[in-house]
Undergrad: 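Below is a structure I'd like to ask you about.
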Number of protein chains: 2
Amino acid sequence: MKKTIFYHAGCPVCVSAEHDVIQLIGSENVDIVHLGEDKSEIETAEKLGVVSVPALVTPSQNVLHINFGASIDDIR
Amino acid sequence: MKKTIFYHAGCPVCVSAEHDVIQLIGSENVDIVHLGEDKSEIETAEKLGVVSVPALVTPSQNVLHINFGASIDDIR
């Protein structure tokens, strides 16, 4: 099974959500991508349908946007 | 451990998110509450900090608002 991907940008909202997601799903089931530090991943995230962070992309490629930290355009 | 609670109101966004959440966390770990059908739960949800649905309340009582279906005021 593909892993879930958690996209974030280091904002306080993201860090809080990351903690919750890892607690719920288990760290071994989630890949964490920091779009602020790894800007080359922004294009991939956008292609998956991510429009804001924090966001979870499920193994079935659905995007769950959690709370609202920052829009993708603000991270560039 | 307390269960996670998933609040929704039957909207298409909610149903899609519910499917994803159950897939990620496991149905045995989540209580599903339909605020449109069980309006007596709205006050409890609000006290927990839920301002829109779909939303997850974690066992540590953090609220994760997922995507955006409807604000609590629209459900009343």
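Numbered from 1 within each chain, the chains take letters A, B, ... in sequence-line order.
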Undergrad: Any residues in residues 61-76 of chain A near chain B, with a heavy-atom distance under 4.5 Å, and which are they?
TA: A:Asn62, A:Val63, A:Leu64, A:His65, A:Ile66, A:Asn67
Undergrad: Starting from A:Val53, can I reach A:Ile32 by hopping between I/L/V/M/F/W/Y residues whose side chains sit under 4.5 Å apart?
TA: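 No, A:Ile32 and A:Val53 fall in different hydrophobic clusters.
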Undergrad: Considering heavy atoms only, which positions within residues 4-18 of chain A lie below 4.5 Å of chain B?
TA: A:Thr4, A:Ala17
Undergrad: Determine which pairs satisfy ring pair (Phe, Tyr, Trp, His ring centres under 6.0 Å) with at least one residue from residues 35-57 of chain B, sequence neighbours left out, and list them in order.
TA: none
Undergrad: Shared ILVMFWY cluster between A:Val30 and B:Val30, side chains joined below 4.5 angstrom?
TA: yes
Undergrad: With a strict 4.5 Å heavy-atom criterion, list every residue of residues 34-48 of chain A that contacts chain B, or say none.
TA: none
Undergrad: Who among A:Thr58, A:Leu24, A:Val51, A:Val21 has the most heavy-atom pairs with chain B under 4.5 Å?
TA: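 Max contact count across the listed options: A:Leu24.
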